[in-house]
Amino acid sequence: MKFFIDTANLDQIREAQDLGILDGVTTNPSLMAKEGISGTQAIMQHYKTICEIADGDISAEVLSTTYEEMIKEGDELAAIHPNIVVKIPMIKDGIKALKYFSDKGIKTNCTLIFSAGQALLAAKAGANYVSPFLGRLDDISVDGMNLIEEIRMIYDNYYFSTEILAASIRSPMHIINCAKVGADVITSPLSSILSLLRHPLTDSGLAQFVADAKKLS
Ligand code: E4P
């Protein structure tokens with residue numbers, strides 16, 4: 001299972017990279033805006049910096065929504081660094097853009113996936129990743145994990161190589177449940193990844209070992 005961090009914050013990306021368990025980064029326009037990045041040049045430079053900090057696939061989302069604009073923008077994003085994955089929204093023109101990039105050998109991530117049908121279409125168009133948004137489904141009382149299971153079943157039935165990138169992760173339990181149902185990747189805020197570390201018995205057990213270690217020297 002791959003671990004991506006879902007942020008445009010450079011300090012958090014560095015911290016996750018330093019942990020040694022990071023396989024990639026995802027961003028979106030909202031996460032870029034949160035970091036105060038604006039203007040084409042600044043956005044391009046920010047992606048370049050992220051690629052220099054983190055190893056693995058770095059998703060960079062197009063800001064446009066027409067086929068012609070998305071392929072122009074995606075080509076420019078892909079030229080920044082070999083690790084850039086062009087992130088395309090799940091719309092009709094997006095499907096055409098996924099096919100264009102797939103034929104060109106440029107990696108893609110189809111975002112804003114909320115149904116199994118959307119995931120099927122994205123796979124048919126040759127997307128490398130699909131991003132079902134777990135947390136946003138849970139937010140409206142729809143079981144996001146059920147969607148991950150459905151996509152897993154469909155992709156396994158037909159041996160689609162598209163990877164399921166579970167997104168909109170809100171908690172460590174989301175990560176654990178994604179691992180149980182076979183999501184290929186999770187993209188998560190750093191806080192949920194770090195929460196996986198914690199257990200009170202680990203803390204009390206270590207405190208006891210440290211205390212007893214002192215008796216040994
Ligand atoms: C996915 O690639 C998105 O960047 C992200 O996971 C959305 O998460 P949110 O619902 O917390 O905004």
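Just the heavy atoms: all of them, side chains too, but no hydrogens, waters or symmetry mates, feed the values below. Atoms within each ligand, like the ligands themselves, are counted from 1 in listed order.
- Close approach of ligand 1 to Arg170 is summarised as follows: ligand atoms under 4.0 Å from at least one heavy atom of the residue are 9 (P), 10 (O), 11 (O).
- Closest protein heavy atom to atom 7 (C) of ligand 1: Phe133 CE2, 3.6 Å.
- Residue Lys87 places a heavy atom less than 4.0 Å from ligand 1.
- Taking the side chain as every heavy atom from C-beta outward, Thr7 and Ile13 approach each other to under 4.5 Å.
- Here Lys72 does not pair with Glu68 in a salt bridge; the nearest charged N to carboxylate O distance is not below 4.0 Å.
- Minimum heavy-atom separation, Cys178 to Ile186: CB-CG2, 3.6 Å.
- Ranking protein heavy atoms by distance to atom 12 (O) of ligand 1, first place goes to Arg136 NH2, 2.8 Å.
- Closest protein heavy atom to atom 5 (C) of ligand 1: Asp6 OD2, 2.9 Å.
- In this structure, the protein non-hydrogen atom closest to atom 3 (C) of ligand 1 is Asn28 ND2, 3.4 Å.
- Under the 4.0 Å criterion applied to side-chain N and carboxylate O atoms, Arg170 and Asp138 are not assigned as salt-bridge partners.
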Derivation of the salt bridge (Lys or Arg N to Asp or Glu O under 4.0 Å) call for Arg136 and Asp139: CA-CA 5 Å; Arg136 291 194 196 185; Asp139 289 346; over 6 Å; no
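- Of the protein's non-hydrogen atoms, Ser168 CA, 3.4 Å is the one closest to atom 8 (O) of ligand 1.
- Scored by the side chain to side chain donor-acceptor pair (under 3.5 Å) test, Thr27 finds Tyr47 as partners (sequence neighbours excluded).
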